[in-house]
Amino acid sequence: MLIFISCLSISCLNKLIHNFRIFEGLSDDDLRESAYELLLASMFFSGVEMFPVEDRKKEKNSKFLSRLKSKREKPHSRPQLSERHSELVDTIRAQMQISEAMDACIRRNMVQLTARRTCGQIDLPQISLELLIGIFRSDFPNEKSYIQWKSRQVNILEEVLYFSAELPETERVIIKTCLAKIRDTKEWDVAMSPAQRVEIISSIRQVASKAFFQQGKFGLQNETYYWQAAYHLNIRLYEKLLNGVFDILDEGQLIEEADAILSLIKLTWSTLGITDKLHDALYGWALVQQFVDTAEGTLLEHAVLQLQRVVSAKEDDCNEGQYMNSITCLKERNGSQKKLNLVQSIFLSIGTWCDSKLQDYHLHFSEKPVHFKKVVALASTIGLLSSADCADKVIVNASREKVKSYVERSLEAAIGRVAVTVLESKERTHRLALLANQLRLIADRELKIFFPVLRQWSSESMMISVQKLHQFYGEILITFLKGVSSLSEDARSVLPAAYALDNELGQLYTSALEEQKVQHSPRPYLDHYQIEKVSGPLIIDWVIGQHTHILEWTRRALDLEDWEPLSFHQRQAASIVEVFRILEETVDQLFGMNLPLDITHLQALLSIVFHSLDAYLQRVLNQLVEKNHLYPSAPPLTRYTETAIPLIKKRLNEYKVLDDIMLDRLNELTIPKLCIRLNTLQYIQKQVGVLEDDIRNSWAAVRPSLNQTQAEEEPVEILESDSLTHNETVDELFGTTFNIIRDTAKDIGQKTCDLIGTRVVFWDLRDAFLFHLYRGNVESTRLENFLPDFDMVLDNVCGVIDDAVRDVVVISIYKASLEGFVWVLLDGGPCRAFSDSDIILMEEDLLTLKEFFIADGEGLPESLVEQEAKFAERILHMFSLQTETVIQMLMTASELISMGLDSNKQGHTNLGDAHILMRVLCHKKDREASKFLKVQYQLPMSSDYDDTPLGDSTSRLPRMSDVLKRSTSIRWNKKRQSSFKSMKKKIQGATNEIRNVGR
């Protein structure tokens, strides 16, 4: 059974009935059966419709068949109730647990009694006497049942006529003697003849008739002598009738026919002396008792309605008031007995019960909170608390003080129980933490369940609760705080629980102040526990320790990293997942401490995040190589010659010689591993946003509690200003920390992406593509021959790269392929020279390259492909220009150099750049170009070099940039002849150096 039920004081309710007088020999079952007999008799005597049937079984026939009976049919059976009442009476019989056989006997005798009495009222003695003369031993299944029934009838007669009625002594002797004979089984059932039994019954009936016809004391309508004389029995019988509306199969529910049954019960009022007010009081009383037994809240609602009718009833008839006051019972109060009328006694009993529950409402209503409001409403109805519309200040103040006492006593009892429970607990959690959690539950119930109801009488009840709870825990906590020196297990358990309790009580206290309208007056405030003062430095120490630990963990994770994908669906490196995992754990641990945090703690946390991820990114960056290490060495500047057979050809040095460290790093930076690095950098940019949101949300969650603490002591204007400044500082912290990480990851990602494209073209495909494209002649080394190599590379890349950066990588490879294409055109070396017909083929090859990366609309966007290819197209266009035009452009560019306007120095490539123009002339298969280069620069012939690449040394030949740096101005016209001559000497000197090195 719920605590609410087990702790209810049913005895205080039952005392009301026992205060009348204990009936000797009459049990609750006897009273219930007698009440049913009275109900049937009242129905018959009230003129309830009757009709004859042959047999009781025919009551079960359908209504349709009953209407088909012939009006001429001769009845040969006993009269019965009409069908519309029969079903209702059957329900009552089942509710009151009366057997069908006994019901039939009662009905038969009541019909006979009704036939003999055509007018007048029925009373209890008449019913019992009629049943004693009309029911025999043979009507019962056994001797014991018959004796019990007969004893009940005798006891009823004795109670009404001998103990209650004020009769002369001679008549009392007659009653006593006759009842003794009836009670004696041998004499009544064996020795006496029927005539003798009739004589005894007649003697009792004569005495009863005299009493019945005595005039009532109060002059009320239908009043009889027995109303006042036997009121104690009448009330008990009426209570049994009222109990018939509660479902015997579910005692917490009223049966559907409850209203109809109450209408029938009303027929007994004239016999039992029941008035409207008495009925409402007794029915409300019955509902309260049933609620106590079943804890069904609906019953309490009905009880309140009934008792409200009692309170609001007008006493227009003073005689009725006198009659009500005559129905008295004794009540013990404060050690003395007091005589009260029935209604006062009911209200006092209910009030005593309500008071006992409200004295410890935390105990009685915590598991059934819905009942609390109903019990308080009941207490208000009976006058224990003032009503909502009460204007009497004395009563209102008394109710306020009573509610305050309820709050104080209930809290004291609840705190005491919690303290005992915590002391007896076997949990490993520190007892102070357990106690704080339990006190929070008490405060929560007080706020959500009890205060909304009690505030009508006492708006300060919430403040009383908060102060008492806060003071109780604070006195115990202060000793613990003095001994805290680190975030030990006990400290991590107690401090958050104490902080949560302090924070919640503070919020409740603020609400209570607002409830009492004291926000504009000097506001008292709680003396908060010094949790923040104690925990603040300890949290900083913990964060510093985590900082060192995470940096070491990050270093170890990278030392073990092999740059393989975590899984097919998670293509980032395992190390970064581990780094974010430990960062997220740190964030969760910090905010999971549930301790007060300030901006210093946030700065320390963001410092961990920044330095951990920055250390990771810098380590990744340091493992990369500059892409210029991957480019081939610049070939010597030569001029095209058609035929020449030198005795000794010079070797081309097309490879750079890299040191072992650089080669080892390049061997580690394979395309798949570079792709995993790029996936990892993309994962960092994505996950940084998630981590930032988590920290922001966690920080926002702790801020309301801090603001609430300040709100109790600071004006609103100051708080708003401080909040604005604080928010700006926090946003700046987050922005600085995470934007730097994002930008760094983006920059390294771009560098990695560029490295991927450069490595594919200038390192992995150097021999297969770069050194063979257009080598010797164009027609036999077309670009389409090398596209399968690109296709295989792209397949491999797309197999490992994340979808989010796939297009960026493909663009990088495309750009590098264009760069390689241009390198072949401009830096292809002595083995490459292009005629006008070759240019047409190369233009077709460039178109093929673009279409390859567009991939019929499934690859890169066409607009992007065209945009990136513009420079290569312009270079090809320059090869198609007349040689004289190119030479003229070169002269113009040289003049710009002499003026300090070199386009290369301005940070962009210009088609009019002297470097490009010189290389175009060097690779044109044209006599005029070759003659110009021979005469003006004395460049060696391309046939002087062996076209078989050899990578055994680093070329020490002067580059074109060096040649052009030595010149001041080149202009192919007569006006600048003198300038040209001086420039010619400088270029010849540079060419001689080239020759000397070549030899």
Side-chain angles (χ1 to χ4, degrees), residues 547 550-567 569-587 602-603 605-627 665 668-696 731-759 797-798 800-813 815-816:
H547 195 171
I550 294 175
L551 287 177
E552 177 63 22
W553 194 273
T554 301
R555 185 188 65 78
R556 290 182 182 179
L558 277 171
D559 287 343
L560 299 174
E561 183 57 73
D562 57 1
W563 300 106
E564 293 293 333
L566 192 62
S567 68
H569 296 290
Q570 295 178 299
R571 299 182 179 183
Q572 67 274 10
S575 57
I576 193 59
V577 175
E578 185 66 16
V579 170
F580 273 105
R581 182 192 64 79
I582 194 170
L583 287 175
E584 290 166 358
E585 284 184 358
T586 302
V587 172
L602 180 61
Q603 289 174 324
L605 175 63
L606 294 181
S607 177
I608 290 180
V609 174
F610 176 80
H611 286 102
S612 300
L613 293 177
D614 186 67
Y616 188 96
L617 289 171
Q618 293 305 319
R619 182 82 174 271
V620 172
L621 176 63
N622 294 335
Q623 291 175 352
L624 300 178
V625 299
E626 295 296 331
K627 66 178 184 178
R665 290 172 67 182
E668 288 295 324
L669 296 173
T670 62
I671 295 299
K673 292 185 182 296
L674 284 172
C675 288
I676 299 304
R677 281 176 163 83
L678 189 58
N679 292 343
T680 301
L681 294 168
Q682 174 65 22
Y683 178 81
I684 290 174
Q685 294 187 67
K686 174 184 175 183
Q687 205 64 21
V688 157
V690 176
L691 182 62
E692 180 181 6
D693 290 342
D694 288 345
I695 298 176
R696 280 185 179 272
D731 288 340
E732 184 179 355
L733 270 176
F734 277 101
T736 302
T737 300
F738 290 100
N739 289 340
I740 291 177
I741 294 298
R742 290 189 185 94
D743 293 344
T744 303
K746 183 179 179 181
D747 293 343
I748 299 175
Q750 186 60 51
K751 186 171 183 177
T752 304
C753 189
D754 293 343
L755 184 60
I756 291 175
T758 303
R759 169 157 187 145
V797 168
C798 292
V800 294
I801 201 69
D802 189 85
D803 291 343
V805 292
R806 181 190 60 187
D807 289 350
V808 179
V809 174
V810 175
I811 290 172
S812 174
I813 295 175
K815 288 180 178 180

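In this text, all values refer to a predicted model and were calculated from it rather than measured experimentally.
- Between atom CD of residue Gln682 and atom CD of residue Gln687 there is a gap of 11.5 Å, rounded to the nearest 0.5 Å.
- Using a 4.5 Å heavy-atom threshold, the side chains of Leu566 and Tyr683 count as separate.
- For the pair Phe580 and Gln572, the minimum side-chain heavy-atom distance is 4.5 Å or more.
- The heavy-atom pair separating Gly757 from Ala816 by the smallest distance is O-CB, 3.1 Å.
- At least one donor-acceptor pair closer than 3.5 Å links the side chain of Thr586 to the backbone N or O of Ile582.
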Using side-chain contact (heavy atoms from CB on, under 4.5 Å), reason through Gln623 and Trp563 one step at a time and then give a plain yes or no. CA-CA 12 Å; Gln623 291 175 352; Trp563 300 106; 3.6 Å; yes
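- Expressed to the nearest 0.5 Å, how far CG of Leu602 lies from OG1 of Thr737 amounts to 8.0 Å.
- At least one side-chain heavy atom of Arg696 sits under 4.5 Å from a side-chain heavy atom of Asp731.
- The distance from atom CG of Asn739 to atom CG of Asp743, rounded to the nearest 0.5 Å, is 6.0 Å.
- By the 4.5 Å heavy-atom criterion applied to side chains, Leu583 and Leu613 are counted as neighbours.
- To the nearest 0.5 Å, atom CG of residue Leu617 and atom OG1 of residue Thr744 are 6.0 Å apart.
- Not counting sequence neighbours, the partners of Leu551 by the side chain to side chain contact (heavy atoms under 4.5 Å, CB included) test are His547, His611, Ser612, Ala615.
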Under the salt bridge (Lys or Arg N to Asp or Glu O under 4.0 Å) criterion, do Glu552 and Arg555 qualify, and how do the steps go? CA-CA 5 Å; Glu552 177 63 22; Arg555 185 188 65 78; 2.5 Å; yes
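- Side-chain atoms of Pro565 and Val800, non-hydrogen and from C-beta on, never get closer than 4.5 Å to each other.
- Across Asp747, Asp754, Thr752, a single residue satisfies side-chain hydrogen bond (donor to acceptor under 3.5 Å, both in side chains) together with Gln750, and that is Asp754.
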For Leu733 and Gln603: C-alpha separation, side-chain torsions, deciding distance, then whether side-chain contact (heavy atoms from CB on, under 4.5 Å) applies. CA-CA 7 Å; Leu733 270 176; Gln603 289 174 324; 3.4 Å; yes
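- Remark: side-chain polar atoms of Asp802 are not paired, donor with acceptor, to backbone N or O of Asn679 under 3.5 angstrom.
- Scanning all heavy atoms of the two residues, the minimum distance from Cys798 to Arg571 falls at O-NH1, 3.6 Å.
- Shown here for Glu626 and Lys751, the closest heavy-atom pair between the two residues is OE2-NZ, 2.7 Å.
- Contact annotation: the side chain of Leu691 approaches that of Glu584 to within less than 4.5 Å [non-hydrogen atoms, C-beta and beyond].
- Heavy-atom neighbours of Lys627 NZ from other residues, nucleotides or ligands within 6.0 Å: above the threshold of 12.
- Here the CG-CG distance, from Leu621 to Leu681, works out to 9.5 Å after rounding to the nearest 0.5 Å.
- Between Val688 and Val609 there is no side-chain heavy-atom pair separated by less than 4.5 Å.
- Without hydrogens or angle criteria, Asp614 side chain to Phe610 main chain gives no donor-acceptor distance under 3.5 Å.
- The minimum heavy-atom distance linking Ile684 with Ala745 is given by the pair CG2-CB, 4.2 Å.
- A salt bridge links Arg581 to Glu578: at least one charged side-chain nitrogen sits closer than 4.0 Å to a carboxylate oxygen.
- Taking 4.5 Å as the limit, some side-chain heavy atom of Leu624 sits within range of a side-chain heavy atom of Arg677.
- Atom CG in Leu606 sits 9.5 Å away from atom OG1 in Thr736 (nearest 0.5 Å).
- Counting only N and O atoms by type, the side chains of Asn622 and Gln618 include no donor and acceptor under 3.5 Å apart.
- The side chain to side chain contact (heavy atoms under 4.5 Å, CB included) search around Ser575 returns Ala557, Leu558, Glu561, Ala573, Tyr616, not counting sequence neighbours.
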